[in-house]
Amino acid sequence: MAVFTEVSFGEAASLVSRLRIGELTTLTGITAGIENTNYFADTTEGRYVLTVFERLTFEQLPFYLHLMKHLARKGIAVPDPKADETGSILHTVQGKPAAVVDRLRGKHHMAPDVAHCASVGDMLARMHIAGQDFAMHQPNLRGLPWWEETVPVVLPHLDAAQAELISAELVFQQHVAASAQYLSLPRGPIHADLFRDNVMFEDDELTGFFDFYFAGMDTLLFDIAVCLNDWCIDLESGRLEDERAHAFVAAYDAVRPLGGAELRLLPAMLRAGALRFWISRLWDFHLPRDASMLKPHDPTHFERVLRERVDTPWHYARA
Ligand SMILES: Nc1ncnc2c1ncn2[C@@H]1O[C@H](COP(=O)(O)OP(=O)(O)OP(=O)(O)O)[C@@H](O)[C@H]1O
Ligand SMILES: N[C@@H](CCO)C(=O)O
């Protein structure tokens, strides 16, 4: 529900005219999303999305945009950033970084079934493989160092039980991250935010995924955990639903077989994924930014998910 930067039709038309994608015909603000300003931009030649980045910098953005370009070139169903006459895919609107990418067809499936979960697992594995030779490097900017920096900031807003849980989980994750098993995990560019609202389907066929603006170099297992915690759960309780979770991992495993350390550390990564989004939702909720129509996500959801992952570890058992 966020529009942080009001972009005029003229401003957008001026940028679009430099991208050789036709002339702008309509520009419509997108209310969904909380991180950036997004507009649907239709032209005489196609349908696009204009994003004005509100937090990410000109230095940070090339990694994400070139990763999307790299994956699109390899036939992975992601939006392809559009270049201007200089070949640059990173643009400027009102002094802020901006990008124009293909608008994916279809809609989100916010109540996915087993088949949807399997499609996403398959696609994620293919994305991880396609990303292995991506030359640029940037860490997951919402990884452990960010959790360590942000937990003290949100701690004053928590009750005693919440403070105990978040502090204990941070210590647990610090130990996991220092372990030989964790250090042996396969790494590469990950999406790191592949929630249901970042994947499109048309007639149950997966048409693509987007919002790579939390991507980074991290363990591939973390990406799997982030997905399981959003695609394969009972939303009320946060509990993992075994049929969907197994379908997701089995589809992924069929494309990129998981190693022993990955199978053993999946329960710990499921906790890490829950912690990461509990922290970021607390941060957004208690330190909100000035934006028209911004509605932060509910932090208590990931508190429940984390408690569930701690109390009932979930393991993937190959059939
Ligand atoms: N390439 C695209 N194709 C189709 N729709 C898109 C595309 N990019 C963005 N959208 C639409 O805009 C909405 C917001 O986009 P996005 O999720 O990237 O914003 P955000 O501010 O990063 O949100 P969040 O981080 O909360 O997911 C999406 O839910 C989707 O409806
Ligand atoms: N997908 C995130 C928001 C964007 O990072 C969440 O649901 O908390």
Side-chain angles (χ1 to χ4, degrees), residues 1-4 30-38 53-56 60 108 110-112 139-174 190-199 209-216 218 222-240 268-311:
M1 298 289 281
V3 173
F4 300 88
I30 302 172
T31 53
I34 65 162
E35 275 303 313
N36 304 302
T37 292
N38 292 289
F53 299 97
E54 303 294 346
R55 274 182 173 154
L56 292 167
Q60 292 166 331
H108 313 308
M110 297 310 280
N140 170 4
L141 299 179
R142 292 280 175 91
L144 180 60
W146 185 80
W147 311 345
E148 292 170 329
E149 182 187 305
T150 309
V151 163
V153 174
V154 301
L155 214 50
H157 302 280
L158 303 183
D159 65 29
Q162 291 169 326
E164 184 189 353
L165 174 63
I166 207 165
S167 303
E169 188 58 29
L170 183 58
V171 169
F172 174 77
Q173 293 301 334
Q174 288 166 331
I190 69 168
H191 183 285
D193 187 33
L194 198 62
F195 280 52
R196 288 160 291 144
D197 66 357
N198 285 332
V199 179
F209 56 122
F210 60 92
D211 194 2
F212 275 78
Y213 308 121
F214 283 112
D218 207 327
F222 185 73
D223 233 358
I224 295 171
V226 168
C227 287
L228 288 170
N229 279 339
D230 190 65
W231 287 85
C232 306
I233 66 168
D234 167 69
L235 288 171
E236 198 65 35
S237 65
R239 192 171 46 254
L240 269 172
M269 284 303 104
L270 284 164
R271 292 171 57 165
L275 176 65
R276 176 265 187 250
F277 288 99
W278 186 22
I279 295 169
S280 58
R281 288 191 175 192
L282 287 168
W283 192 52
D284 284 330
F285 188 84
H286 294 294
L287 295 94
R289 288 174 290 162
D290 177 29
S292 61
M293 306 186 289
L294 174 62
K295 182 178 179 300
H297 297 297
D298 170 18
T300 61
H301 169 72
F302 276 106
E303 177 186 348
R304 281 192 298 280
V305 171
L306 177 56
R307 288 190 192 284
E308 263 293 323
R309 298 299 169 274
V310 173
D311 297 346

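All heavy atoms count here, side chains included; hydrogens, waters and symmetry mates do not. What you see is a predicted model, and the numbers here were worked out from it, not measured in a lab.
- If you look at Phe212 and His191, their ring centroids are closer than 6.0 Å.
- Residues Leu155 and Ser167 share a closest heavy-atom pair of CD1-OG, 3.9 Å.
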| field | Trace of the side-chain contact (heavy atoms from CB on, under 4.5 Å) decision for Gln173 with Arg271 | value | CA-CA 8 Å; Gln173 293 301 334; Arg271 292 171 57 165; 3.6 Å; yes
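- Contact annotation: the side chain of Arg281 never approaches that of Val154 to less than 4.5 Å [non-hydrogen atoms, C-beta and beyond].
- Taken to the nearest 0.5 Å, the CG atom of Leu228 stands 11.0 Å off from the CG atom of Leu194.
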| field | Full working for side-chain contact (heavy atoms from CB on, under 4.5 Å) between Leu275 and Ile166 | value | CA-CA 7 Å; Leu275 176 65; Ile166 207 165; 3.7 Å; yes
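- Shown here is Glu164, whose CD atom has no more than 12 heavy atoms of other residues, nucleotides or ligands within 6.0 Å.
- Between Trp147 and Trp278, the distance from one ring center to the other does not fall under 6.0 angstrom.
- Atom CZ in Arg196 sits 10.0 Å away from atom SG in Cys232 (nearest 0.5 Å).
- Results of the ring-ring contact (aromatic ring centres under 6.0 Å, His included) test with Phe277 over Phe302, Phe285, Trp283 single out Phe302 as the only residue that passes.
- Annotation: the span from Arg307 atom CZ to Ser237 atom OG amounts to 14.0 Å, rounded to 0.5 Å.
- Note that the CZ atom of Phe214 and the OG atom of Ser280 stand 7.0 Å from one another [nearest 0.5 Å].
- Of the possible donor and acceptor atoms, none in the side chain of Gln60 sits under 3.5 Å from a partner among the backbone N and O of Tyr213.
- Considering only heavy atoms from C-beta on, Leu170 comes within 4.5 Å of Glu148 through its side chain.
- In this structure, Asp234 contributes its side chain and Arg239 its backbone to no donor-acceptor pair below 3.5 Å.
- For the pair Asn140 and Phe222, the minimum side-chain heavy-atom distance is below 4.5 Å.
- Heavy atoms only, all atoms of each residue included: Val226 and Gly273 are closest at CG2-CA, 4.5 Å.
- For the atom pair Leu306 CG and Leu165 CG, the distance stands at 4.5 Å (nearest 0.5 Å).
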| task | Take Asp284 and Arg55, measure what salt bridge (charged side-chain N to carboxylate O under 4.0 Å, His left out) needs, and give me the verdict at the end. | result | CA-CA 12 Å; Asp284 284 330; Arg55 274 182 173 154; 3.2 Å; yes
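- A salt bridge does not link Glu308 to Arg304: none of the charged nitrogens lies less than 4.0 Å from a carboxylate oxygen.
- Remark: the backbone N or O of Arg276 is not paired with any side-chain donor or acceptor of Arg142 at under 3.5 angstrom.
- Of all the heavy atoms in Gly238 and Val305, the pair that sits closest is CA-CG2, 4.0 Å.
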| Residue pair Asn198, Phe209: steps toward the side-chain contact (heavy atoms from CB on, under 4.5 Å) verdict | CA-CA 6 Å; Asn198 285 332; Phe209 56 122; 5.6 Å; no
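- Within the 4.5 Å cutoff, the side chain of Leu240 has heavy atoms near those of the Arg309 side chain.
- Note that CD of Gln162 is 4.0 Å distant from CD of Glu303, once rounded to the nearest 0.5 Å.
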| message | Pair Phe195, Asn229 - check side-chain contact (heavy atoms from CB on, under 4.5 Å), show working. | response | CA-CA 9 Å; Phe195 280 52; Asn229 279 339; over 6 Å; no
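- The environment of CZ in Phe172 is crowded: more than 12 heavy-atom neighbours from other residues, nucleotides or ligands sit within 6.0 Å.
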